[in-house]
Amino acid sequence: MGLPRRAGDPAELRKSLKPLLEKRRRARINASLRQLKGLILPLLGRESSHYSKLEKADILEMTVRFLQELPASSCAEAAPAHSDSYGEGYRACLARLARLLPACRVLEPAVSACLLEHLRRRAAGTTPDCGRDGDSCGPPAPSSTPPPAPAPPAPPRGPGLWRPW
């Protein structure tokens, strides 16, 4: 598609660029709606295969409904004290994960239960054991301190730099 190259006709240039810019804008909107659909359907516990032909308005309505159903405490209340905000955020994430993890069916039920129990105990400040003998759900503790970093090479000693020439 050839663009007019006359410097004295900016109105003609705008007229020819407008459809291209509109096409790009619509492509960005559609890409964002596809991403939103991919994010919102699993959160609502619905399979994407059943909702392959959702209208744009449906995707936006589902998103608005989902956001309205979020706990009012996460956005309406004043910010809690800094020291407690981490704990509240952790508990909110844990509650959400407890709802979504079984619905997504990504993990086996036993693994899912162990993970949730581990996270609950971490929130309470106790160490999890998940019912295994001598095995914990968390990462292993380091056995020793890491070896020290090697020392940089000593500078050459002598009257000056050695040069091969």
Side-chain angles (χ1 to χ4, degrees), residues 1-128 130 132 135-142 146 149:
M1 170 185 230
L3 296 177
R5 301 233 176 213
R6 297 186 338 212
D9 200 2
E12 191 68 30
L13 181 62
R14 275 194 305 271
K15 188 186 261 187
S16 63
L17 286 178
K18 189 172 181 180
L20 291 173
L21 295 175
E22 181 65 18
K23 185 176 181 180
R24 286 184 190 159
R25 186 183 71 84
R26 287 177 182 265
R28 283 179 40 228
I29 291 171
N30 289 333
S32 295
L33 282 167
R34 278 192 302 276
Q35 287 179 338
L36 189 57
K37 177 182 165 187
L39 292 170
I40 199 71
L41 287 177
L43 291 175
L44 294 173
R46 298 180 182 168
E47 286 188 34
S48 298
S49 60
H50 295 307
Y51 295 94
S52 62
K53 292 287 188 175
L54 280 176
E55 290 184 7
K56 296 173 187 178
D58 293 332
I59 296 169
L60 292 173
E61 286 173 357
M62 290 167 68
T63 304
V64 168
R65 213 173 310 124
F66 176 78
L67 291 174
Q68 285 174 339
E69 291 173 2
L70 284 177
S73 62
S74 65
C75 57
E77 287 182 6
H82 180 68
S83 62
D84 195 38
S85 65
Y86 177 82
E88 282 194 26
Y90 191 95
R91 286 187 294 277
C93 288
L94 181 59
R96 185 175 214 172
L97 188 62
R99 280 194 332 259
L100 296 176
L101 198 58
C104 290
R105 297 183 190 134
V106 176
L107 300 174
E108 294 179 22
V111 175
S112 176
C114 179
L115 175 63
L116 289 172
E117 182 60 27
H118 168 78
L119 294 173
R120 284 187 185 108
R121 289 183 184 194
R122 294 284 297 190
T126 59
T127 311
C130 291
R132 296 186 205 147
D135 189 15
S136 72
C137 294

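In this chain, residues are counted from 1 in sequence order.
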Problem - Side-chain ion pair, Lys15 and Glu12, N-O less than 4.0 Å - result: no
Exercise for the section: Heavy atoms only: give me the nearest Ala98-Arg120 pair and the separation to one decimal. Expected result: CB-NH2, 3.8 Å
Practice task
To the nearest 0.5 Å, tell me how far Arg121 CZ sits from Leu119 CG.
Solution key: 11.5 Å
Exercise for the section: Given salt bridge (Lys or Arg N to Asp or Glu O under 4.0 Å), test Glu69 with Arg65 step by step and report yes or no. Expected result: CA-CA 6 Å; Glu69 291 173 2; Arg65 213 173 310 124; 5.8 Å; no
Problem - Met62 side chain reached by Leu41 side chain, heavy atoms, under 4.5 Å - result: yes
Handout entry: Check: Arg34 and Ile59 side chains under 4.5 Å, non-hydrogen atoms
Key = no
Handout entry: Spacing of Ser112 atom OG and Leu100 atom CG [to the nearest 0.5 Å]
Key = 10.5 Å
Practice task
For residues Leu67 and Thr63, determine if any side-chain heavy atom of one lies less than 4.5 Å from a side-chain heavy atom of the other.
Solution key: yes
Practice task
Would you indicate whether the side-chain heavy atoms of Glu61 and Val64 approach each other to under 4.5 Å?
Solution key: no
Handout entry: Residue that, paired with Glu22, satisfies side chain to side chain donor-acceptor pair (under 3.5 Å) out of Arg25, Arg24, Lys18
Key = Arg25
Exercise for the section: Taking all heavy atoms of Lys37 and all of Lys53, pick out the closest pair and write down the distance. Expected result: NZ-N, 4.3 Å
Fill in the blank from the handout: Here the gap from Arg26 atom CZ to Leu21 atom CG, rounded to the nearest 0.5 Å, amounts to 13.0 Å
Problem - Nearest-0.5 Å distance, CG of residue Asp58 to CD1 of residue Ile40 - result: 13.0 Å
Handout entry: Residues which pass side-chain contact (heavy atoms from CB on, under 4.5 Å) with Leu39, listed by chain and number, not counting sequence neighbours
Key = none
Completion exercise
Contacts satisfying salt bridge (charged side-chain N to carboxylate O under 4.0 Å, His left out) that involve residues 90-102 (not counting sequence neighbours) are Asp84-Arg91
